[in-house]
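In what follows, a single structure is set out as structure tokens and then discussed.
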Amino acid sequence: MSTLLPRRALIEALGALLGLALWKTGGAGAQEQRGDPVSMDVIGPSLQSAASGAQVDGTRAFWVDPVDSQLIIAGTWSNGVWVSRDGGRHWYQEAPATGPGNAES
Amino acid sequence: MTGVPRDFLWLADSSVLLITDYAVSKRTPQGTWTTTSFPCLRSAQTGCVLRDGTVVIGGHGGILTTQDFTRWKIADGVPTQAFIRALAVDERTDYVFAGGWGSYNGIERYTRPGTGLLVSGDHAKSFQPHPLTDRIADVGGRLSINAIEVQYYGDQQLILIGGEGSGPGVRRPSPDYPFLFILRDDRLYDPRKLNLRQLSSLLGQDIITPQHGIKVSVRARSAFVSSWARDIAFTSLDAIAHEDWLSWTKLTAHLAAGEQFGAGHLRLGRDVHGRELLFVGGAPDGPVARGFTPIRAIQIA
């Protein structure tokens, strides 16, 4: 497990450097682009349809690996935790739900 | 897992921590889960991780810290009836920002005032009201906070704070009940310039999704806000950096006709080409809507 420690630190350092570099290179352009909409494409999957007909209810919370976003972990309201290792094309249940939550949404 | 999933944290050892109502569950990179209960809190809602590996958990009853999931400490300065829904750490300073509702009982669901913005400069051992918290408020008092995002744009610290506007059961946007505030280097953004009337019109209500309803992408130069089970909108980070009048755009305006999702958590990631993605978790509440809750990955930069 200790070998994993530098991985996150390295990624965070690279991320910080990248963010700084983008800021610096985009300094002048930032004025020009202010208010412009960003380009967006829907490329993601549906947890429900990807589950091959299994009754998967709503996603309450999820996590995306910032290093390898092919790994997604989705916590559903009442059907446990589901994991995708291919960017959401296929899902499998990795941990079942074991009890109800409180009433708050 | 016990209860409803509320949040996920990425720990220093590259494992992932799931926060549910009544426990935390740690997932190793190999996919093995270990569940541990926590003391003091009646339920948990959210968390964050400090640079030294300290895990901070917030919920109904206050804020806890731990480093080994066996010894827990309750943070000082947080009202014991507080319902903490948002935690965020400044990754440059380790200052921790927190906020939530003033109380919660599952029946009233919502009370005013909220906790306002709390801040800790001692690794979440204790919290104090932020110096500007009385201005991060509505006519009922300090804001009931749902989400906090701390990000640097260049050297400028931006803190975006979202919460309840008019509140559940009302949800009529009103200037008396603002639901979004921004701090730029500890200066309060002119509330008029936030253009909340336009924002609430686009979102369909004046509520920011709890835990991860705000996400700032420096690469996309945009700030995204999600409104629970409704919609998502974004604005220019450059405009925020200059304290301009904000113009908001509805995210779903960029989706194909018929495409729909319920707005829940927002997360950032990258595709195999290194392009930045905004992941949108569907979280419509209500039995009818629960049948469709896709996660969407939207290329933003």
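All heavy atoms count here, side chains included; hydrogens, waters and symmetry mates do not. Chain letters run A, B, ... following the sequence lines, proteins first, then strands; residues in each count from 1.
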Heavy-atom closest pair, residues [X] and [Y]:
X	Y	result
G269(B)	V64(A)	CA-CG1, 4.3 Å
P29(B)	R85(A)	O-NH2, 4.3 Å
F8(B)	A61(A)	CE1-O, 3.3 Å

**Message:** When you measure from the side chain of S69(A) to the backbone of R270(B), do you find a donor-acceptor pair of N or O atoms at a distance under 3.5 Å?
**Reply:** yes
**Message:** Using 0.5 Å steps for rounding, measure from the CD1 atom of I72(A) to the CZ atom of F279(B).
**Reply:** 4.5 Å
**Asked** Checking R42(B) against chain A: side chain, backbone, both or neither under 4.5 Å from a heavy atom?
**Response** neither
**Asked** Which of the residues T209(B), V272(B), V16(B), T235(B) is involved in the greatest number of heavy-atom pairs with chain A at under 4.5 angstrom?
**Response** V16(B)
How about [X] and [Y]: do any of their side-chain heavy atoms sit closer than 4.5 Å?
X	Y	answer
V83(A)	R27(B)	yes
V67(A)	W10(B)	yes
F62(A)	P5(B)	no

**Item:** Full working for side chain to side chain contact (heavy atoms under 4.5 Å, CB included) between V81(A) and L18(B)
**Value:** CA-CA 9 Å; V81(A) 177; L18(B) 166 63; 3.5 Å; yes
